Asks: 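Dumping the structure here so I can ask a few things about it.
All of these numbers come straight from a predicted model, not from anything done at the bench.
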Amino acid sequence: MQQDSLRGVLDSVFAAPDYVWVERTPPLAFLARWLEGFTRWLYATREAHPVGFQLVLGALVILLVLILVHAGWILFHTIRGTASASIRLSETPVRRDRAWYRREADRLAGQGRYVEAMQAEFLALVLALEAAELLRFHPSKTPAEYGRESRLSPSAREEFRELVRALYGYAFARWPCGPGDFASWRARALPERYARAD
């Protein structure tokens, strides 16, 4: 009687969901099954059709060689591309002067590309102000950063910021820009208009 009650208690405990054991299959079990099936098929083909087996084996070897050649080709081009990119990066960048940017602005304006001409003219102004030690040029700086970092008088700094706002308006807000707009903006971009801060 006591053994029956013990058996009943054990059965009720092991009937709980925590004790239901389910064999879990590994996530890549399908790959192992496929590989095992392919191996069995190869053995069966070798026994039943020796010539077919040799053809399949030859095709697999050719495929492997093609994969290796392709990988080598990609590796070669990757290494060669990296080497040429490092050569290009190691070359000293050409630093253009104020006169070059003025000529570039004239050329672009002559082609009717006034917004690009303004950008070139602005760089000419920045280089002139750098020569006067009113700011420091760096190719990664934005026009607004030059306005914040410049050592201009308060009135000249405000005028410089207005020039930058107009440049942003033409370049990014797509304000209409014709020859008159460019000439007016360029007249305000003369370095003589900006004085050192007191």
Asks: Go through Glu149 and Lys141 one step at a time and tell me if the side chain to side chain contact (heavy atoms under 4.5 Å, CB included) criterion holds.
Replies: CA-CA 10 Å; Glu149 297 171 4; Lys141 287 184 183 176; 2.6 Å; yes
Asks: Can you list everything that forms a salt bridge (Lys or Arg N to Asp or Glu O under 4.0 Å) with Arg148? Sequence neighbours excluded, please.
Replies: none
Asks: State which residues pass ring pair (Phe, Tyr, Trp, His ring centres under 6.0 Å) with Trp100; sequence neighbours excluded, sorted by chain then number.
Replies: none
Asks: Over all heavy atoms of both residues, which pair between Pro176 and Asp181 is shortest? Give the atoms and the distance, please.
Replies: O-OD2, 3.5 Å
Asks: Verify the neighbour count for atom CZ of Arg188: are there more than 12 heavy atoms of other residues, nucleotides or ligands below 6.0 Å?
Replies: yes
Asks: Are any of the side-chain nitrogens in Arg102 or Glu121 under 4.0 Å away from the carboxylate oxygens of its partner?
Replies: yes
Asks: Any carboxylate oxygen within less than 4.0 angstrom of a Lys/Arg side-chain nitrogen, looking at Arg98 and Glu130?
Replies: no
Asks: If you look only at distance, which donor and acceptor atoms sit under 3.5 Å apart when one is on a side chain in residues 39-67 and the other is two or more places apart or in another chain?
Replies:
unit_1: Thr39; atom_1: OG1; unit_2: Leu35; atom_2: O; d: 2.8
unit_1: Thr45; atom_1: OG1; unit_2: Trp41; atom_2: O; d: 2.7

Asks: Any side-chain heavy-atom pair from Arg103 and Arg107 closer than 4.5 angstrom?
Replies: no
Asks: Name all residues meeting the side chain to side chain donor-acceptor pair (under 3.5 Å) criterion together with Glu36; count only those two or more places apart in sequence or in a different chain, and write none if there are none.
Replies: none
Asks: For a quick test of reading the model, state the closest non-hydrogen atom pair linking Leu127 to Asp97 and the distance between them.
Replies: CD1-C, 3.7 Å
Asks: Is it the case that the side chain of Trp185 and the backbone of Met118 share a donor-acceptor pair, with hydrogens and angles ignored and the cut-off at 3.5 Å?
Replies: no
Asks: Quick one: are Leu167 and Pro143 in side-chain contact, heavy atoms under 4.5 Å?
Replies: yes
Asks: Restricting to side chain to side chain donor-acceptor pair (under 3.5 Å), what partner residues turn up for Ser184, sequence neighbours left out?
Replies: none
Asks: Looking at the rings of Phe38 and Trp34, which for Trp means the six-membered one, are their centres under 6.0 Å apart?
Replies: yes
Asks: Let me check something: do Phe172 and Val164 share a hydrophobic cluster, defined by ILVMFWY side-chain heavy atoms less than 4.5 Å apart, either directly or through other members?
Replies: yes
Asks: Minimum heavy-atom separation for Gly147 to Ser150, with atom names?
Replies: O-OG, 3.3 Å
Asks: Heavy-atom distance under 4.5 Å between the side chains of Phe137 and Leu129, does that happen here?
Replies: no
Asks: State, to 0.1 Å, how close Leu125 and Ala189 come at their nearest heavy-atom pair, and which atoms those are.
Replies: CD1-O, 3.4 Å
Asks: Find the distance between CD (Glu133) and CZ (Arg151) and round it off to the nearest 0.5 Å.
Replies: 7.0 Å
Asks: Does a side-chain heavy-atom distance below 4.5 Å link Phe122 with Gln119?
Replies: no
Asks: Among the clusters formed by ILVMFWY side chains lying less than 4.5 Å apart, do Leu190 and Val126 turn up in the same one?
Replies: no
Asks: Please list all pairs meeting side chain to side chain donor-acceptor pair (under 3.5 Å) that have one or both residues in residues 159-169, counting only residues at least two apart or in different chains.
Replies: Glu158-Arg165, Glu159-Arg193, Glu162-Arg165
Asks: Can you tell if the side chain of Tyr170 reaches within under 4.5 Å of the side chain of Phe182, non-hydrogen atoms only?
Replies: no
Asks: Might you point out which heavy atoms bring Tyr114 and Ala109 nearest each other, and give the distance in Å?
Replies: CE2-O, 3.5 Å
Asks: Nearest 0.5 Å, please: how far is CZ in Arg113 from CG in Leu108?
Replies: 5.0 Å
Asks: Looking at Tyr146 and Arg136, what are the two nearest heavy atoms and their distance?
Replies: CE2-O, 3.3 Å
